[in-house]
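Below, read A as the first sequence line, B as the second, and so on, with proteins coming before strands; counting in each chain starts at 1.
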Amino acid sequence: KNEVEQSPQNLTAQEGEFITINCSYSVGISALHWLQQHPGGGIVSLFMLSSGKKKHGRLIATINIQEKHSSLHITASHPRDSAVYICAVDFNDMRFGAGTRLTVKP
Amino acid sequence: EPEVTQTPSHQVTQMGQEVILRCVPISNHLYFYWYRQILGQKVEFLVSFYNNEISEKSEIFDDQFSVERPDGSNFTLKIRSTKLEDSAMYFCASSLDRALLNFGDGTRLSIL
């Protein structure tokens, strides 16, 4: 049973497009994390959310606790945004989604 | 900018041997974590460590695994009697306040 579901699995966009990646979870959580995994494997933490919305540069993350759903948006996408984006939830331990592979073409 | 450092970057070990993966967290951070990612699979939580003791651990983190903070700066993951299925990328992370996590670049463990 996968407690964290991400969609889509793969996403290809043209430079400049608005990107949305979705995350749904089935357990009660204390917080949700969005992570970026670079092609070389390194992982960067983008956001931690427990409610509402956060913005950092061109990235926006929202969470709806009642609906158990979070979205990550990228505005004005750029080829350097190409990476795997991972949703992870703080349950008793941390549960990870399988990731969304984003490719932004110039 | 401070960063989490992991060594070695790649470790090759014979099945049955013990390995120690090393991490130097960011110096003022209080929370420490180990994760693993088997090739082509999702990241999995192994263990979290706070105040010199394990705070949470997953089902994966059985008696084969142990963690230690031996000297106030290093944070180690020991895997005893390694198995082929232990082959994975192991990531260490640290956090000041359990909010944003700072990840190391990972250690690729290959069990032969």
Side-chain angles (χ1 to χ4, degrees), chain A residues 1-10 21 23-57 59 61 63 70 72 83-101, chain B residues 1-6 8-11 21 23 25-26 29 31-50 54-62 65 67 87-110:
Chain A
K1 179 171 175 279
N2 196 4
E3 290 124 336
V4 184
E5 296 281 355
Q6 286 188 238
S7 63
Q9 283 186 293
N10 294 284
I21 298 170
C23 175
S24 296
Y25 53 92
S26 58
V27 295
I29 64 170
S30 57
L32 181 144
H33 298 257
W34 281 103
L35 310 170
Q36 180 191 54
Q37 187 165 30
H38 296 293
I43 299 175
V44 174
S45 188
L46 300 175
F47 296 102
M48 189 203 77
L49 295 160
S50 53
S51 64
K53 177 179 174 178
K54 287 189 176 179
K55 183 175 190 291
H56 186 255
L59 301 179
I63 188 168
S70 176
L72 176 69
V84 175
Y85 291 84
I86 301 170
C87 169
V89 298
D90 272 338
F91 184 44
N92 291 323
D93 50 30
M94 187 175 273
R95 311 287 172 89
F96 290 79
T100 294
R101 184 174 299 277
Chain B
E1 186 173 323
E3 58 183 27
V4 175
T5 305
Q6 288 187 245
S9 56
H10 191 191
Q11 173 82 45
L21 308 182
C23 171
I26 294 173
H29 281 189
Y31 298 86
F32 313 111
Y33 308 84
W34 282 102
Y35 304 90
R36 80 173 184 189
Q37 186 174 32
I38 295 169
L39 187 64
Q41 298 187 22
K42 62 183 180 180
V43 178
E44 298 173 293
F45 168 79
L46 292 177
V47 66
S48 60
F49 194 86
Y50 172 72
I54 290 172
S55 47
E56 286 147 7
K57 61 181 181 178
S58 71
E59 292 174 352
I60 301 167
F61 194 88
D62 59 19
F65 295 87
V67 289
S87 296
M89 182 75 91
Y90 288 81
F91 292 100
C92 171
S94 70
S95 176
L96 178 62
D97 53 8
R98 294 196 67 173
L100 288 185
L101 301 169
N102 291 82
F103 285 83
D105 288 338
T107 292
R108 181 169 299 283
L109 177 63
S110 300

Is there a side-chain contact between B:L101 and A:M94 (heavy atoms, below 4.5 Å)?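 Yes; the side chains approach each other to less than 4.5 Å.
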Residue pair B:Y35 / A:I43, side-chain heavy-atom distance below 4.5 Å: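 Heavy-atom side-chain distance check fails, nothing below 4.5 Å.
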For the atom pair CG (A:D93) and CZ (B:F61), what is the distance rounded to the nearest 0.5 Å?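 Here the rounded value is 12.5 Å.
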Nearest-0.5 Å distance that lies between atom CD in A:Q6 and atom NZ in B:K42: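 Between A:Q6 CD and B:K42 NZ, I get 9.5 Å after rounding to 0.5 Å.
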Which atoms of A:L46 approach chain B - backbone, side chain, both or neither, heavy atom under 4.5 Å: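 Just its backbone gets close to chain B.
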Heavy-atom pair of closest approach, residues B:R98 and A:M48: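 Of all heavy-atom pairs spanning B:R98 and A:M48, the closest is O-SD, 3.4 Å.
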Mark yes when over 12 heavy atoms from residues, nucleotides or ligands other than B:H10 sit less than 6.0 Å from its NE2; otherwise mark no.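 For B:H10, atom NE2 is crowded (more than 12 foreign heavy atoms under 6.0 Å).
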CG/B:D105: more than 12 non-hydrogen atoms of other groups inside 6.0 Å: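 Check fails, neighbour count at 12 or below.
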Side chain, backbone, both or neither of [X] within contact of chain A (heavy atoms, under 4.5 Å):
X	answer
B:S58	both
B:Q41	neither
B:Y33	neither

When only pairs under 4.5 Å are counted, which of A:Q37, A:H38, A:R95 shares the most heavy-atom pairs with chain B?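 The option with the most such pairs is A:Q37.
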